[in-house]
Every structure is written in structure tokens, then in C-alpha cells.
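These notes are about the structure you will find just below.
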Amino acid sequence: MKRPNLYRLRRPIRSIAAETRAGDAPRDLQNSDRTPVCSFPAITNTRVVFDSMDDRGGGSFVAVRRISQGLERGNVYHSSSSSGDFPSTEECLQRLQSRIDVAYDTSITQHQEALKGLWKLVFPEEELHGIVSEQWKEMGWQGKDPSTDFRGGGFISLENLLYFAKRFPKSFQDLLRKQVGDRSVWEYPFAVAGINITFMLIQMLGLEAVKPRSIVGETFLRFLSVNESAFDILYCIAFKLMDQQWLSMRASYMEFNTVMKSTRRQLEREIMVEDITYIEDMPSYSLLLSQ
């Protein structure tokens, strides 16, 4: 049975992506001061620092600039040590930052197998014809080779997608297939949006720096110290919340940046709610459990 188009666009995502990859903005963005949608720089063997989204309300995905790996981590972040077998906050932060530093590398078998594993989770009844295949566009990648998108987000952005698909399969599939709510004719591409959510969280929490630069980042470390999966869970919350904001704002393709900014503000408010000890205590966590 032929699988229905997941995105219900006026024209296929692949044509928009092809124009962007060719170096020109899609026709919809020509004569505009906005950054082409779904544009990612090629980043290899580097770590990324994320520029803030602009205030123009444009539809661009997050811009990325490169710095040398570990540039801002010349010193070690120190926190109070934990007792017993539990890792300290410092150790949890360092492990998360180490994950962020790993670039996606097609020459590494583990990375290829992880990407294939994502396909099996999403489309268990359909065989993937190759690590480079037109089939990937059905998941919302820009082209037939997802590695070109991962260059911006690194391996952790793939880990985030895998965690979401395994931990909350129903919510994951609902978002992928756009099964909830009155959807826009011009929908956001699922996989590329997921990479942008990883970008946004790293920026929001200040994880590119040696230590948190904000109260939001410091508060998140408390969640991380009691659950090393806190970042992955926050990613799932953020994705679900972003889609809820998308629907409530009746957004379309060009409003993606505005939706992301609204999502970030809501996440920051929830993280700062008093008397929250665990990441699962965040109000929007319940969105992942709704049927």
C-alpha cells in the first residue's frame, strides 16, 4: 500500500530543498531579507555555537556559526561533588557537552547504524534502499542524504530523534505524520525541525559555554544531576510544545522562526517554575502522555 504524503504541501518539500541546496532561495523567499528556510552550513570536526534567532519574526531556521572545538571550555566547571555512586553535576554536564561535541560522521559505522535504526523505528514495514535514498524525504530531510543536515547539529541531534521515537513512540508518530490538529497546507519538515530544536535547546541552556550563563541553564543542571536523560526528555517536551504552538498560532512554513521563539519562552518559564525537582515535573511534559 502506498504511504500517504506526510506533509500535504502545495508542492513537495524536495523541490524547496533542492532550490535551497543549489544556493538560491526558494521562489517564496526571493526578494526577501529572510534567510533561506532549511539552510545548514557544512560543519566537520568542529563544535557549534548558535546565534540567537532574530527578532524580525522571519521563517528562517536557526543560523549556525563555527568555532574551534572546545574553545570556550578552557576551564572546568566545578560544582559540589555528589556522594556514593551518583555522578556529580560537573560530571553530568561534561558528559552532555561531550555528546554535543561529536560530529555526525558517515565513515563511522555506529553513526550509519544509528541512522538506519531511526528508519526502522519510523517505518518498520518498509525496507530502506540505502543510507543515501530518496526515501529520507518522507521523514522531512532536505534531500536524499540526511548526513548533510546533521552537519549542523551533530550526532546528538540524531540521538535526540532516536530517544523520542523509542521513549514516546505515539507522540513521535503523531508529530511525524501530522495527525493532530488542523494542519497547515505548508507544514514544517519534521526531521529538519528536530535538528533546529536541538540547536535551540543548546543555545537556551548555554551548553556551548564552560558553565551556564543564565538562571535557566543553572536550573536545568539540577534536573540533569538527578536524571542524565534530562536533555533528551526536554527535547521531546520541546518538540511536542513546538507543535502545539504551531497549531495554536495557525502557523505556516514562513512562521517557523516565530513559533520557535514562542516555544523557547514557554520552556524557560516552565523550567523556572518553583518546586520542580525533576524534568518530568514540567507542565508540558503531560503533552507527551496525552492520547
So, the side chain of Ser229 versus the backbone of Asp232: is there a donor-acceptor pair under 3.5 Å, distance only?
-> no

Give the cluster check for Val273 versus Leu267: same hydrophobic cluster or not, with ILVMFWY residues linked at side-chain heavy-atom distances below 4.5 Å.
-> yes

Using a 4.5 Å cut-off on heavy atoms from C-beta on, say whether the side chain of Leu96 contacts that of Glu228.
-> no

Return yes if some donor-acceptor pair links the side-chain N/O of Gln173 with the main-chain N/O of Phe168 below 3.5 Å, else return no.
-> no

Value for CZ (Arg264) from CD1 (Ile197), rounded to nearest 0.5 Å, stands at 13.5 Å

side-chain hydrogen bond (donor to acceptor under 3.5 Å, both in side chains) partners of Ser107, counting only residues at least two apart | Asp105

Side chains of Tyr188 and Asn196: is there a donor and an acceptor less than 3.5 Å apart?
-> no

Considering only heavy atoms from C-beta outward, does the side chain of Phe150 approach that of Trp141 to under 4.5 Å?
-> yes

Apply the test side-chain contact (heavy atoms from CB on, under 4.5 Å) to residues Tyr104 and Thr106: give CA-CA distance (whole Å), side-chain angles for both, the deciding distance (0.1 Å), then the verdict.
-> CA-CA 7 Å; Tyr104 181 87; Thr106 54; 3.6 Å; yes

Shared hydrophobic cluster, Val226 / Leu207 (ILVMFWY, side-chain heavy atoms < 4.5 Å) = no

Look up atom CE in Met260 and atom CZ in Arg265, then write down how far apart they are to the nearest 0.5 Å.
-> 12.0 Å

Of Ile233, Ile271, Leu234, the one forming a side-chain contact (heavy atoms from CB on, under 4.5 Å) with Phe223 is Ile271

From Phe190, Trp246, Phe172, residue fulfilling ring pair (Phe, Tyr, Trp, His ring centres under 6.0 Å) relative to Phe239 | Phe190

side-chain hydrogen bond (donor to acceptor under 3.5 Å, both in side chains) with Ser286: which residues, sequence neighbours excluded?
-> none

Non-hydrogen atoms of Gly140 and Val192 that approach each other most closely = O-CG2, 3.2 Å

Determine the sole option in Glu126, Glu127, Lys144 for which the side chain to side chain donor-acceptor pair (under 3.5 Å) test with Gln135 is passed.
-> Glu126

How many angstroms lie between CG in Leu176 and CG in Leu121, if you round to the nearest 0.5 Å?
-> 11.5 Å

Hey, does the Lys NZ or Arg CZ of Lys261 hover above the aromatic six-ring of Phe256, less than 6.0 Å from the centre and inside 45° of the axis?
-> no

Determine yes or no for a side-chain-to-main-chain donor-acceptor pair under 3.5 angstrom, with Ser284 supplying the side chain and Leu241 the backbone.
-> no

Using 4.0 Å as the upper bound for N to carboxylate O, is an ion pair formed by Glu134 and Lys137?
-> yes

Pair Phe164-Asn160, side-chain contact (heavy atoms from CB on, under 4.5 Å): steps then yes or no = CA-CA 6 Å; Phe164 194 4; Asn160 289 155; over 6 Å; no

Should the heavy atoms of other residues, nucleotides or ligands under 6.0 Å from CD1 of Ile215 be counted, would the total exceed 12?
-> no

How many angstroms lie between CD1 in Ile237 and CD in Glu270, if you round to the nearest 0.5 Å?
-> 7.5 Å

Expected output: side-chain Ser133 to main-chain Gly130 donor-acceptor under 3.5 Å = no

Establish whether Met272 and Leu205 are linked, either directly or via other cluster members, by ILVMFWY side-chain heavy-atom contacts under 4.5 Å.
-> yes

Looking only at heavy atoms, which two atoms of Leu221 and Pro212 are closest? And how far apart?
-> CD1-CG, 3.3 Å

Minimal heavy-atom distance between Tyr235 and Thr198, with the atoms involved, is CE1-OG1, 3.4 Å

List in chain and number order the residues that pass side-chain hydrogen bond (donor to acceptor under 3.5 Å, both in side chains) with Gln245, two or more places apart in sequence or in another chain; answer none if no residue qualifies.
-> Ser262

Intermediate values then yes/no, side-chain contact (heavy atoms from CB on, under 4.5 Å), His111 and Leu158 | CA-CA 9 Å; His111 291 194; Leu158 174 55; 5.7 Å; no

Do the non-hydrogen side-chain atoms of Met204 and Phe220 ever get within less than 4.5 Å of each other?
-> no

Given side-chain contact (heavy atoms from CB on, under 4.5 Å), test Val210 with Gln97 step by step and report yes or no.
-> CA-CA 9 Å; Val210 65; Gln97 289 175 329; 5.9 Å; no

Mind checking the SG-CD1 spacing from Cys236 to Ile279? Nearest 0.5 Å is all I need.
-> 10.5 Å

Side chain Asp243, main chain Lys240, donor-acceptor under 3.5 Å = no

Rounded to the nearest 0.5 Å, what's the gap from CD on Glu274 to CD1 on Ile276? Could you check?
-> 10.0 Å

Could you walk me through whether Trp136 and Phe123 pass the ring-ring contact (aromatic ring centres under 6.0 Å, His included) test, one step at a time?
-> CA-CA 11 Å; Trp136 288 110; Phe123 303 122; 8.7 Å; no

Hydrophobic cluster identity match, Leu118 and Ile108, side-chain contacts under 4.5 Å | no

Residues passing the side chain to side chain contact (heavy atoms under 4.5 Å, CB included) test with Glu159, sequence neighbours excluded, are Arg99, Phe155, Ile156

Pairs in or reaching into residues 106-122: which pass salt bridge (Lys or Arg N to Asp or Glu O under 4.0 Å), with residues at least two apart or in two chains?
-> Glu113-Lys116

Taking the side chain as C-beta and beyond, is there a heavy-atom pair between Gln266 and Gln244 under 4.5 Å?
-> no

For Met200 against Thr263, the heavy-atom pair lying closest together = CE-CG2, 4.3 Å

Which heavy-atom pair separates Leu288 from Ser171 by the least distance, and what is that distance?
-> O-OG, 3.1 Å

Which pair of non-hydrogen atoms, one from Asp145 and one from Thr148, has the smallest distance, and what is that distance?
-> O-OG1, 2.8 Å

Partners meeting side-chain hydrogen bond (donor to acceptor under 3.5 Å, both in side chains) with Arg222 (sequence neighbours left out) = none

Is Asp149 reaching over with its side chain to a backbone N or O of Gln142, donor-acceptor style, under 3.5 angstrom?
-> yes

Transitive ILVMFWY side-chain link Met242 to Leu289, under 4.5 Å | yes

